[in-house]
Number of protein chains: 2
Amino acid sequence: MNLKNLSEILGLSQTTVSRALNDYPEVSEATRERVKAAAAKHNYRANTRAKSLATGRSMAIGHVIPISTQHEIVNPIFADFIAGAGEVYSRNQHDMLLSVVPDVEEERTYRELAAKASVDGVIVHGPRPNDPRIPLLKSLNIPFVVHGRASDGDTDYSWVDVNNRRSFERATNFLFDLGHRKLALINGLEFMDFACRRKEGFLAAHAARGVEANPALMVSDEMTEDFGFKAAHSMLARADAPTAFIVSSMIMAIGVRRAISDARLKMGRDISVIIHDDALSYLPNGAEIPIFTATKSSVHEAGKLCAQMLLDIIVAEDKSPRHTQLESELMVGESTGPA
Amino acid sequence: MNLKNLSEILGLSQTTVSRALNDYPEVSEATRERVKAAAAKHNYRANTRAKSLATGRSMAIGHVIPISTQHEIVNPIFADFIAGAGEVYSRNQHDMLLSVVPDVEEERTYRELAAKASVDGVIVHGPRPNDPRIPLLKSLNIPFVVHGRASDGDTDYSWVDVNNRRSFERATNFLFDLGHRKLALINGLEFMDFACRRKEGFLAAHAARGVEANPALMVSDEMTEDFGFKAAHSMLARADAPTAFIVSSMIMAIGVRRAISDARLKMGRDISVIIHDDALSYLPNGAEIPIFTATKSSVHEAGKLCAQMLLDIIVAEDKSPRHTQLESELMVGESTGPA
DNA sequence: GCAGGTATTCAAAGCGCTTTGGAAATGATT
DNA sequence: AATCATTTCCAAAGCGCTTTGAATACCTGC
């Protein structure tokens, strides 16, 4: 069933049928209803490809998901982010186009997306300091929103980000207030922008209190359970073992918890742990009272915000960059206590 | 830059340029090279929409990701599955179209996908016994592959699935062989096909050994850490507490581990745990030797297989259904020991 | 030197839609 | 009844590509 068929059935021109369906004013209410009824009856829906060829808009948003070539790891926050963004797209009749590519091929992918005109805009994931994708997308002249930020001079692009620096500064201060002085930081890969900022916050709090941060207690790597375990395990064996951990993700924290219980310590009593919680739907931080004290910020929500911002930019007259900085909530759970 | 421009620059017809780029034989090697060089120079790439309008093939595969309306949970295996499938699509110049929709709107979404002709095929996720999507997709006449199976009379569709029944039967027998008799099953929602089959395997092994399965030790729910914890916690408090747990996912198992360590028991010594491990990239089961004894089957691999199968079916003459049944590997880790 | 074949190239139609620039019908106004 | 403004509808062009059917150029062998 296509427009031609449908218009023949109705005894109307394609023009009229098209206008009726797209709610143009120059068609009488009577015919509009007749047309819509027929469309529903025959389960007609405009062919996307033809439609976007004619309009020049693809009604699709691209997400380029880089797979780290060394580690082959999918970012675990990805699913929830996508789910959030996807909701917004569905509501606005947009499709989501996913390209899963090795990180080394990202540039080529963006260029193709632009040349093939298959999307109206893209979301950039996992920015790094001085991220080359930002100038690239600007030069390709394709609307985009960055989830996170790329610290460099040029802040002239749209982003949605958590205030990572402040989150970790607060978390650190929270532990200081409880009397802890030997704090460990178990961070994500520090060539990622968010991890840099978190470390900055951690160090800033130390500086403000005049406490020396111990370099041996600051590590960073891919955010897996296994790394969390190994890092915590070896730190706990040290003479200058920490009395508290600040951990960049729930998944690493699960490893930390394993190391703690292997050491026959009790979290919250013998040792404190505070995490950043992305509020992943499949890893809720306990039910009633949080297992981990956490700086919490929903990545699902961030997905929604990014998507909405991008859709807004695409239709807006004013294409000037927009920024949304989210503050995480500091939620006290069972994993922290006095030193 | 479009075909017209490019052909004008080259002083050739659009026909010739198109054929040169698409490796048709009726164009001389000399001009082909000239054309390809020019295309590269001007960063030309055929407009996807125009191309697929002309060819009738969209070169895109749809994935409809249902969000449970009650729980708003994204399936944690989703990211790895998508990553696997995405790799295959990229390699074959296909796009992946994702629709994230509330489960109640799934049918409408499939109908739209078909009517709008925006994909050449779809992958069906999370099948249930007697899944209505299968007859629907058949009637819409759109190629599809199911990840998993829907137990009912009609097996006349393509699927890729793990032998869940056998996996759990083996796991159960493994525990029996270690001398365990009081086994607990912590399963996913049993209106999902995979969970049904796992339970069947669990019960079949019991029946074969003449051991009575204790209904109080078989639970099923959304597969979260929290549910794993609560289930194990309450079971361990029982008079007829189990000596071993069979757990349907890594994430639930993490909760089980928490309950075990809270009870001051040691996994592998005081109590055994065997899990099903989907080999999620961000939740590896330990590094050298597995933390959990597990029936392991990579969902990333399953994603690749589903994608490849679907692409094959789309181009094949023979559209008859194909099946791939994967056997999981039983990997012995540190979480099991004699009763 | 020419028929017959092959290797190249091209003009134009068509994919299914939107949209421009009228045309026809209707209604209001004189 | 004639005029003009509105409504309501339509034919046809165009989006950027592929593909059909035909034309042209280039070789053969006799």
*asked:* Can you list, in residue-number order, the parts of residues 11-25 of chain B that come under 4.0 Å of DNA chain C, counting heavy atoms only?
replied: B:Gly11, B:Leu12, B:Ser13, B:Thr15, B:Thr16, B:Arg19
*Ignoring hydrogens and angles, state whether a donor on the side chain of A:Thr55 or A:Ser52 is under 3.5 Å from an acceptor on the partner side chain.*
no
*Pairs in or reaching into residues 90-104 of chain A: which pass side-chain hydrogen bond (donor to acceptor under 3.5 Å, both in side chains), with residues at least two apart or in two chains?*
A:Thr69-A:Asp103
*Which residues satisfy the side-chain contact (heavy atoms from CB on, under 4.5 Å) test with A:Leu53, sequence neighbours excluded?*
B:Ala50, B:Leu53
*Under 3.5 Å, is there a donor-acceptor pair between the side chain of B:Tyr44 and the main chain of B:Asn5?*
no
*From the 5' end of DNA chain D to its 3' end, which nucleotides mark the outer limits of contact with chain B, defined by a 4.0 Å heavy-atom distance cut-off (strictly under)?*
D:dG16 to D:dG21
*Using five base pairs at each end, measure the axis-to-axis angle across the helix from C:dG1-D:dC30 to C:dT30-D:dA1 and round it to 10 degrees.*
50°
*Check whether the side chains of B:Ser13 and B:Thr16 place a donor and an acceptor atom closer than 3.5 Å, and report yes or no.*
yes
_I want to know whether B:Tyr89 and B:His63 have ring centres closer than 6.0 Å._
yes
*Look up atom CZ in B:Arg49 and atom NZ in A:Lys116, then write down how far apart they are to the nearest 0.5 Å.*
12.0 Å
*Could you tell me whether a side-chain N or O of A:Asp318 sits under 3.5 Å from a main-chain N or O of A:Ser320, the two making a donor and an acceptor?*
yes
*Could you give the CZ-to-C1' distance, from A:Arg57 to C:dT19, as a whole number of Å?*
16 Å
_Let's see if you get this right: which residues in residues 31-40 of chain B place a heavy atom under 4.0 Å from DNA chain D?_
none
*Verify the distance criterion only: is there a donor paired with an acceptor across the side chains of A:Asn130 and A:Arg128 at less than 3.5 Å?*
no
*Would you say the side-chain atoms of A:Arg57 pair up with the backbone N or O of A:Lys51, donor to acceptor, closer than 3.5 Å?*
no
*Of A:Ser28 and B:Met1, whose nearest nucleotide on DNA chain D comes first from the 5' end?*
A:Ser28
*asked:* Is it true that, when you exclude B:Lys138 itself, more than 12 heavy atoms of the residues, nucleotides or ligands shown sit nearer than 6.0 Å to its NZ?
replied: yes
*asked:* Tell me if the centroids of the rings in B:His125 and B:Phe81 come within less than 6.0 Å of each other.
replied: yes
_Check: B:Ser18/B:Thr15 side-chain N/O donor and acceptor closer than 3.5 Å_ = no
